[in-house]
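What you see is a predicted model; the values in this text were computed from it and never measured. Values below: all heavy atoms of this structure, side chains included; hydrogens, waters and symmetry mates excluded.
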Amino acid sequence: MKFSLRPQDQAFYDYFSRAAQNLVRGTELLTELALPGADVQSVSERLGEVEHDSDQITHELYKKINSTFITPFDREDIYNLGSGLDDVMDHLEAAGNLVYLYGLTKLPALPREMHELVDVLDQQAKLTAEAMPRLKGLKQLEEYWVECNRLENEGDRSYRMLLVRLFSGEYDALTVLKMKEVADELEKACDAFEHVANTVETIAVKES
C-alpha cells in the first residue's frame, strides 16, 4: 500500500473545483450568446463577472500556496494548474466580449464552425469540472486527459474549417477580421484546456 506524507489540504481542491465550475458557466454563456434574440450586452457582462470571480479564485490560490508549508503536491504544479484554469477563462471572456463589441450577433447567423468550436469548449469545460474533484485521490483521471486532448484535436479541425469559411468570400473583409479575432480566442481556449489536462497528467504521473 502506498502512503503519502503530504497533507491533503481540501482548500486547494476546492479552488480548482470552483475555477472549473466557472469554466462551465463561461461556455454556457458563450452558447447563450449565439442564440437568436440573446441579450448580448447582458451575456457579455455576466461573462465579465465570471472572469472576475475566476481571477479572485486564482489570487486566493496563490496566497494559499505562499502561506502553506507543505502542499498536497508540487507547488509549481499547483501554480501551473491554477494559472491554466485562469487562462481558459480569460480566452472565453475575450471571445464573448469581442462578439458583443463587434456586433457579430447582428449577422443573420454565426458560422456553423464557430458553433462547433463553442460546443467543443463546452464539452472540455464539463470534463474538466468533473475531473477536478478526483484530483484528491488521483483516480480515474486518465480518461479525462485523453478525451480532453481528443477534443482539442476536434477543435483544431473546426478552427481550420472556420478559417476556410471566413476566407471563402462569403463575408466582407471587415467581418472576416472581426470573426477571425473571435475564432483565435476560441482556439486558444481549446489549447488552454489541453494544457490543463496535460498538467493534471503530470501531477498524476509524479504522485503515482
Side-chain angles (χ1 to χ4, degrees), residues 14-64 81-133 148 151-152 155 158-159 162-163 165-166 171-196:
D14 288 344
Y15 288 135
F16 297 140
S17 293
R18 285 166 56 199
Q21 286 297 329
N22 272 351
L23 299 182
V24 175
R25 291 171 63 196
T27 56
E28 287 174 348
L29 285 167
L30 280 183
T31 302
E32 184 181 334
L33 197 61
L35 295 176
D39 185 341
V40 185
Q41 182 175 352
S42 171
V43 174
S44 179
E45 287 172 354
R46 280 181 282 154
L47 258 174
E49 291 168 3
V50 176
E51 192 271 336
H52 178 74
D53 186 53
S54 290
D55 282 344
Q56 184 61 37
I57 292 169
T58 305
H59 178 67
E60 291 172 13
L61 173 64
Y62 292 167
K63 282 179 64 178
K64 182 68 176 174
L81 183 53
S83 176
L85 290 165
D86 190 53
D87 285 345
V88 178
M89 191 67 242
D90 286 343
H91 292 305
L92 296 179
E93 193 270 339
N97 194 239
L98 287 171
V99 169
Y100 164 58
L101 291 175
Y102 285 157
L104 292 175
T105 52
K106 295 175 183 176
L107 295 172
L110 291 173
R112 183 191 74 253
E113 295 82 2
M114 193 170 283
H115 288 280
E116 290 173 356
L117 256 175
V118 172
D119 182 61
V120 166
L121 289 168
D122 188 54
Q123 292 180 66
Q124 286 181 305
K126 288 171 181 172
L127 270 175
T128 304
E130 290 168 3
M132 288 303 106
C148 203
L151 285 167
E152 193 276 334
S158 295
Y159 173 71
L162 177 55
L163 292 184
R165 177 93 174 263
L166 292 181
Y171 302 97
D172 65 82
L174 185 56
T175 300
V176 168
L177 289 174
K178 292 176 179 179
M179 285 204 286
K180 186 177 184 304
E181 275 199 58
V182 175
D184 287 346
E185 290 294 342
L186 295 175
E187 195 267 340
K188 288 175 184 174
C190 276
D191 287 347
F193 268 121
E194 183 183 39
H195 176 72
V196 168

For the student: nearest non-hydrogen atoms of [X] and [Y], plus distance:
X: Tyr171; Y: Ala109; answer: OH-O, 4.4 Å
X: Val24; Y: Ala125; answer: CG2-O, 3.5 Å
X: Leu85; Y: Ala19; answer: CD1-CB, 3.9 Å
X: Phe16; Y: Gly82; answer: CE2-N, 4.0 Å
X: His195; Y: Gly84; answer: CD2-CA, 4.3 Å
X: Val50; Y: Asn22; answer: CG1-O, 3.5 Å

Would you confirm whether Ser44, through its side chain, and Val40, through its main-chain N or O, come within 3.5 Å as a donor-acceptor pair? no
[X] side chain near [Y] side chain, heavy-atom distance below 4.5 Å:
X: Asp184; Y: Glu181; answer: no
X: Val196; Y: Asp87; answer: no
X: Lys180; Y: Leu163; answer: yes
X: Val43; Y: Val99; answer: no
X: His59; Y: Lys63; answer: yes

With sequence neighbours left out, which residue pairs that include part of [range] fulfil the salt bridge (charged side-chain N to carboxylate O under 4.0 Å, His left out) condition?
range: residues 186-195; answer: none
range: residues 102-124; answer: Arg112-Glu116, Glu113-Arg165, Asp122-Lys126
range: residues 43-59; answer: Glu32-Arg46

[X] [atom1] to [Y] [atom2] distance, which is reported to the nearest 0.5 Å:
X: Leu98; Y: Leu186; atom1: CG; atom2: CG; result: 9.5 Å
X: Phe193; Y: Leu23; atom1: CZ; atom2: CG; result: 4.5 Å
X: Leu33; Y: Leu92; atom1: CG; atom2: CG; result: 11.5 Å
X: Leu151; Y: Gln124; atom1: CG; atom2: CD; result: 5.5 Å
X: Thr128; Y: Met132; atom1: OG1; atom2: CE; result: 6.0 Å
X: His91; Y: Cys190; atom1: NE2; atom2: SG; result: 10.5 Å

